[in-house]
Amino acid sequence: MTKLIDAPARPERPAGPGGVGLGGAGGPGGARRRSLGRGIRNLMTSPKYGPVTVTAVLFVAVFVIGGVRYRGFFSGQVFLNLLVDNSYLIVLAVGMTFVILTGGIDLSVGAVVALSGMIAGSLLQTGWSPAVVIPLILVLTSVLGLLVGLMIHVFKVQPFIATLAAMFLARGLCYVISQSSISITDPTFVQLAVSRIPLGGNLSITPSVIIALVVVAIAVWVLHATRFGRTVYAIGGGEHSGLLMGLPVARTKVLVYVISGFCSGLAGVLFTFYTLSGYPLTAIGTELDAIAAVVIGGTLLTGGYGFVLGSVLGVLVLGVIQTIITFEGTLSSWWTRIFIGVLLLVFIILQKVLTARRR
């Protein structure tokens, strides 16, 4: 009988870098899986990237649910219509993102949208050229934003109160201009309202979408490639720290409200392209939609964290929920408000949890 010690030895597997066989848990494959898992976990629990990642996943999930439930929902035009129908809200959310990143708020944007439409309608009816009316609206709304910013900085008025006063002012001016709807029949506005830009394959968008995407691209560049953008984030992270670092805190705080006013005026112009009218009650509650889109898009209400592209995703989430309710046909449009309220509450709690864990 062959002795056990004389039996041929079993060949050993070559050891990996950690001294464990290549097929074991410590091999390169296992290390890569653990590294990937850690990366995903860190991404989802980051107060900077976590909420916007959740928003992206939520948008894809809701869109897939709509595509499975309703015939024709997966078409490219349905997605493009989200941009067409919400181009003005995207521009509005861009301006709101700048404000909330500094820890502020702007409640006047909906009223400014209505005021822009009323100014456009009244001036166009008297024969003014659109080439004059549109720049005039943008200048006036930017000046209103400047006044709000100065009120907040110079007189130390809380942003909530200052923008609430601006909201009442803008809405009141709408009724001073007219108490009824003003139709817009200017050929340029009508042409912009009905124009479609073909993308091939029966897909098309409107000029308003192009304008909104340009605004988004400029905002991304400003926030991430300029000193002004870095100062916006610094103010949200801690205004006192920004002052100690010698950053132009005062100028930046005023300018973000100018940007919000400009974006509100532009959103009002885009809304008139969509409706071809001005009405004093237009856009009531739209400021809450813009705030909800920004928060759902991952921007921290206390400032310091957030992305413009996240706000765009937030707008698209609201849009796809409205589209699903439209496809359903049996649900009231008020269900949109219910879903928005639930999402807003969930994302605020998520922000609280992530920021608390990082501390």
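Since the model is a prediction, treat every value here as computed from it, not as a measurement.
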Closest non-hydrogen atom pair between Ser208 and Leu270, with its separation:
OG-CD2, 3.7 Å

With side chain to side chain contact (heavy atoms under 4.5 Å, CB included) as the criterion, how do Leu124 and Val133 come out once you've worked through the C-alpha distance, each side chain's angles and the decisive distance to 0.1 Å?
CA-CA 7 Å; Leu124 290 171; Val133 171; 4.0 Å; yes

Would a single hydrophobic cluster contain both Val249 and Val256, if residues Ile, Leu, Val, Met, Phe, Trp and Tyr are joined by side-chain heavy-atom contacts under 4.5 Å?
no

Output, in order, the C-alpha distance, side-chain angles, deciding distance and verdict of side chain to side chain contact (heavy atoms under 4.5 Å, CB included) for Phe74 and Phe63.
CA-CA 8 Å; Phe74 266 140; Phe63 201 84; 3.8 Å; yes

Mind listing the closest non-hydrogen atom pair of Val254 and His153 along with its distance?
CG2-CB, 4.0 Å

What I'd like to find out is whether the side chain of Leu203 reaches to under 4.5 Å of the side chain of Leu80, using heavy atoms alone.
yes

Any side-chain donor near an acceptor of the partner, Thr231 and Thr252, under 3.5 Å
no

Using the side chain to side chain contact (heavy atoms under 4.5 Å, CB included) rule, take Ser204 and Gln77 through it: C-alpha gap first, then chi angles, then the decisive distance, then the call.
CA-CA 7 Å; Ser204 63; Gln77 192 59 52; 4.0 Å; yes

Identified side-chain contact (heavy atoms from CB on, under 4.5 Å) partner of Pro159 from the options Ile105, Leu164, Asp106:
Ile105

Is the shortest side-chain heavy-atom distance between Tyr70 and Ile324 below 4.5 Å?
yes

Taking a hydrophobic cluster as the set of Ile, Leu, Val, Met, Phe, Trp and Tyr residues connected by side-chain heavy atoms closer than 4.5 Å, whether directly or through intermediates, do Ile100 and Leu288 fall within one such cluster?
no

Is the shortest side-chain heavy-atom distance between Phe273 and Thr206 below 4.5 Å?
no

Straight-line distance of Leu223 CG to Phe307 CZ, nearest 0.5 Å:
10.0 Å

Do you know the tightest heavy-atom contact between Ala114 and Cys174?
C-SG, 3.6 Å

Side-chain contact, heavy-atom cut-off 4.5 Å: Val109 with Thr286?
no

Which atom of Ala120 lies closest to which atom of Ile137, heavy atoms considered
CB-CD1, 3.7 Å

Flag side-chain contact, heavy atom, 4.5 Å: Ile259 against Phe228
yes

Find out whether Val84 and Arg196 are in side-chain contact, i.e. whether some heavy atom of one side chain is under 4.5 Å from a heavy atom of the other.
yes

Below 30° counts as parallel, above 60° as perpendicular, anything between as tilted: where do the rings of His224 and Tyr233 land?
tilted

Starting at CD1 of Ile90, measure out to SG of Cys263 and round the result to the nearest 0.5 Å.
12.0 Å

When you measure from the side chain of Ser87 to the backbone N and O of Val209, does any donor-acceptor pair fall under 3.5 Å?
no

Rounded to the nearest 0.5 Å, what's the gap from OG1 on Thr55 to CG on Leu313? Could you check?
6.5 Å

Yes or no on side chain to side chain contact (heavy atoms under 4.5 Å, CB included) for Ile134 and Phe189, after CA distance, side-chain angles and deciding distance?
CA-CA 10 Å; Ile134 294 175; Phe189 270 66; 4.1 Å; yes

Does Tyr175, at its OH atom, have more than 12 non-hydrogen atoms belonging to other residues, nucleotides or ligands within less than 6.0 Å?
yes

So do Phe347 and Val54 actually touch side chain to side chain, heavy atoms under 4.5 Å?
yes

Atom CD of Glu328: over 12 foreign heavy atoms under 6.0 Å:
yes

Would Ile177 and Val143 show up in the same hydrophobic cluster when neighbours are defined by side-chain heavy atoms closer than 4.5 Å?
no

Kindly compute the distance separating OG (Ser116) from CG (Leu138), expressed to the nearest 0.5 Å.
7.5 Å

Is it true that atom OH of Tyr279 has more than 12 heavy atoms of other residues, nucleotides or ligands lying nearer than 6.0 Å?
no

Over 12 non-hydrogen atoms of neighbours within 6.0 angstrom of CZ in Arg251
no

In terms of heavy-atom contacts, Ala267 and Leu92 come closest through CB-CD1, 3.8 Å

Measure the CG-CD1 distance between Leu58 and Ile296 for me, rounded to the nearest 0.5 Å.
8.0 Å

Do Leu82 and Leu309 share a hydrophobic cluster (ILVMFWY, side-chain heavy atoms under 4.5 Å, transitive)?
yes

Is the centre of the Phe327 ring less than 6.0 Å from the centre of the Phe73 ring?
yes

Shared hydrophobic cluster, Val269 / Val139 (ILVMFWY, side-chain heavy atoms < 4.5 Å):
no

With a 4.5 Å heavy-atom cut-off, do Ile211 and Leu266 have their side chains touching?
yes

Closest non-hydrogen contact found for Ala219 with Val94 is CB-CG1, 3.5 Å

Taking atom CG of Leu147 and atom OG of Ser142, what is their separation to the nearest 0.5 Å?
11.0 Å

